[in-house]
Amino acid sequence: MQIDKSRIMKRKHLIYLLLCFAWIQSWSQSNSQLLPIIPKPNFYKIDSGSFKIGSNTQIWAEPNLSNESKFLKYFLLNNHQIVPIPSTKPGNKIVFRINQSLAQQEEYYQITSSSKQIIIEAPNATGIFYGIQSLIQLFPSGKYSSIRIPLVQIKDYPSYSWRGMHLDCSRHLFNVQFIKKYLEMMSYYKMNKFHWHLTDDQGWRIEIKKYPKLIEIGSKRNGTMVGHYREQKFDTIQYGGFYTQAEIKEIVAYANKLHIEVIPEIEMPGHALAAIAAYPELSCSKQATQVGMRWGVETNVFCPTEETFTFLENVLTEVMELFPSKYIHIGGDEVPKDEWNKSEFCQQLMKEKNLKDAHELQSYFIQRIEKFANKKGKKIMGWDEILEGGLAPNATVMSWRGELGGIAAAKMGHDVIMTPGSHCYFDHYQGLPATEPLAIGGYTNLEKVYSYHPTPDTLSNAEAKYILGAQGNVWTEYIKTPEQVEYMMMPRMMALAEVVWTEKKQRNYPEFLQRLSQHIPYLTLKNINFSKTNLPSK
Ligand code: TNX
């Protein structure tokens with residue numbers, strides 16, 4: 001009797017094990033089936049059959065998900081002319097459901113489908129939103145009265161929490177309508193941080209009520225470089241523009257609906273010529289100057305006087321009120337020390353503060369700003385030069401001159417965003433320069449972006465936790481129009497989106513290209529001027 005019981009137990013265990021194995025098999029095997037979603041979901045399978053979305057499909061959402069259900073309804077209406085019914089008439093359903101038990105993974109969502117209903121579940125609205133973004137990538141392109149989509153089962157969450165895109169609006173400016181389009185492109189591919197470069201030598205772009213000359217003077221330049229830097233040619237056309245505080249609020253609110261955080265960048269102590277042209281007293285020489293017309297690095301930088309700190313604190317106070325993000329990017333890159341080394345005031349200050357060189361003076365500058373930001377409840381981030389002369393205690397580092405700065409910062413226990421020029425600079429050429437529009441230089445094709453992995457092997461597991469993710473940068477010295485921004489970012493951003501979302505072992509370039517080809521009708525429908533340079537020719 002005893003023996004029989006244990007045999008039954010053993011058999012039960014075996015059956016259980018076999019079932020588990022079959023389940024795991026079915027999920028991993030099914031991942032070889034092509035699902036046209038970018039970034040590729042981490043776990044999915046496709047069942048046979050389909051779900052039909054038509055005018056008798058109902059969308060069921062809790063009241064706190066009305067933003068998300070509106071998003072899906074607009075998508076169906078605008079892209080397919082389908083109006084799901086609001087009533088309780090019989091029909092199939094798409095259900096959004098908050099499920100707190102799924103909260104172990106940040107930004108998690110899952111999709112469960114049958115022919116009768118699709119359930120998108122997540123611990124919060126962001127997860128639901130990503131579920132919708134995955135779902136709509138399954139819709140066929142074109143306007144039909146009803147559409148059919150495959151029955152997918154998805155469990156998904158990102159590898160990295162920082163999935164960023166940057167846009168330089170100083171060198172060239174893009175209107176509110178285009179910034180919204182930029183955010184839409186980002187959110188369709190689950191990118192979630194918009195780093196908005198708002199000030200630089202060639203133009204100050206954010207209205208600051210306390211300092212009106214930043215706009216009156218700092219937002220206009222008397223000419224712009226024509227052709228490549230080495231040619232040193234300029235036009236004489238006045239170029240300018242800025243974002244009002246009302247426009248900034250509008251963009252931040254729009255981004256929020258797309259679950260994107262906007263991080264403003266106010267450059268200091270270098271790349272500050274536009275501000276200095278408006279208020280020359282902020283420089284060491286205090287001499288009148290002009291908003292920059294040439295690209296590159298200017299030696300005229302903010303002087304670390306009390307007057308400058310008061311100015312910057314007042315500016316940052318207004319900026320912080322406009323941007324709910326906990327971060328404020330303070331630049332910190334490319335600060336020539338010529339002016340500081342020449343200045344009596346700086347020499348005296350270094351003696352007083354016991355600073356051994358101008359690098360330590362730069363560190364003093366950044367640390368003072370950090371203290372101010374922290375007091376206001378914000379964290380600072382800066383380009384990797386902020387490591388020089390001593391890193392501010394709570395700063396996050398954006399590693400752009402390769403990965404070494406990021407590695408050093410992670411080893412010191414600081415958060416890091418990887419954005420090395422080699423893989424993440426979308427102002428670089430993506431094809432042979434002779435056949436591409438003029439760009440700054442470099443060569444970063446689609447495959448190279450796709451091959452990137454944000455966590456360097458040299459970091460221990462504990463150190464690797466500080467790598468928050470990666471970001472694509474769109475510097476616009478050579479990018480004058482929205483169409484050109486699109487050309488440089490797409491499809492490279494799609495490759496980066498997969499780098500920061502999909503586990504490394506699931507990434508496969510030829511297969512990515514196949515999925516990418518299925519996105520072309522959508523990109524075309526949305527009038528996105530994507531580059532075909534790296535797409536396989538038919
Ligand atoms: C370096 S990246 C810069 C920018 C330029 C860019 C051009 C960084 C922190 N500074 O000022 O626009 O190169 O690729």
Side-chain angles (χ1 to χ4, degrees), residues 164-174 193 195-205 221 224-225 227-230 239 263-276 291-302 327-336 362 365-366 380-388 391 395-406 409 416-430 433 436-444 448-449 452 470-480 484-485 487-489 492-493 496:
M165 281 299 289
H166 148 288
L167 185 62
D168 169 9
C169 290
S170 169
R171 275 61 177 265
H172 286 102
L173 185 72
F174 307 96
K193 309 283 178 190
H195 171 173
W196 199 1
H197 188 78
L198 285 164
T199 73
D200 214 304
D201 298 317
Q202 297 82 2
W204 184 282
R205 305 284 173 228
R221 61 175 181 255
T224 301
M225 272 198 140
H228 205 274
Y229 183 85
R230 58 183 162 261
Y239 183 91
I263 297 95
E265 181 181 354
I266 305 296
E267 276 265 25
M268 64 189 78
H271 286 286
L273 196 56
I276 292 171
V291 176
M293 301 201 292
R294 63 166 176 235
W295 315 132
V297 178
E298 296 291 336
T299 51
N300 198 353
V301 301
F302 286 137
Y327 291 108
I328 183 118
H329 199 304
I330 49 79
D333 59 311
E334 299 178 322
V335 189
Q362 149 123 343
F365 195 113
I366 304 291
I380 62 155
M381 55 173 47
W383 301 106
D384 57 60
E385 285 93 332
I386 64 169
L387 280 153
E388 292 162 7
L391 187 51
T396 298
V397 172
M398 233 172 222
S399 193
W400 73 279
R401 296 173 305 172
E403 290 186 321
L404 289 180
V416 170
I417 319 296
M418 286 297 190
T419 174
S422 54
H423 294 78
C424 297
Y425 270 47
F426 298 164
D427 57 338
H428 288 181
Y429 283 106
Q430 53 196 317
E436 288 290 313
L438 181 71
I440 195 163
Y443 178 59
T444 305
K448 189 158 183 198
V449 177
Y452 189 56
Q471 178 174 291
N473 291 340
V474 184
W475 297 103
T476 58
E477 290 95 330
Y478 298 85
I479 302 178
K480 295 182 197 306
Q484 190 60 10
V485 172
Y487 181 84
M488 298 304 270
M489 78 185 277
R492 288 188 282 191
M493 185 194 77
L496 185 66

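We count ligands from 1, going down the list as the structure has it; atoms in each ligand are counted the same way.
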Just checking, is any N or O donor in the side chain of [X] or [Y] under 3.5 Å from an acceptor N or O on the other one?
X	Y	value
E267	W204	no
E436	Y487	yes
Q202	R171	yes

**Request:** Would you please indicate if the ring centroids of W475 and H166 are separated by under 6.0 Å?
**Result:** yes
**Asked** With hydrogens left out, which residues have an atom under 4.0 Å from ligand 1, given that only heavy atoms count?
**Response** R171, H271, D333, E334, W383, W400, Y425, D427, I440, W475, E477
**Message:** Walk me through whether H172 and Y478 qualify under ring-ring contact (aromatic ring centres under 6.0 Å, His included).
**Reply:** CA-CA 9 Å; H172 286 102; Y478 298 85; 8.9 Å; no
**Prompt:** So which of H271, H197, H329 actually passes ring-ring contact (aromatic ring centres under 6.0 Å, His included) with W383?
**Reply:** H329
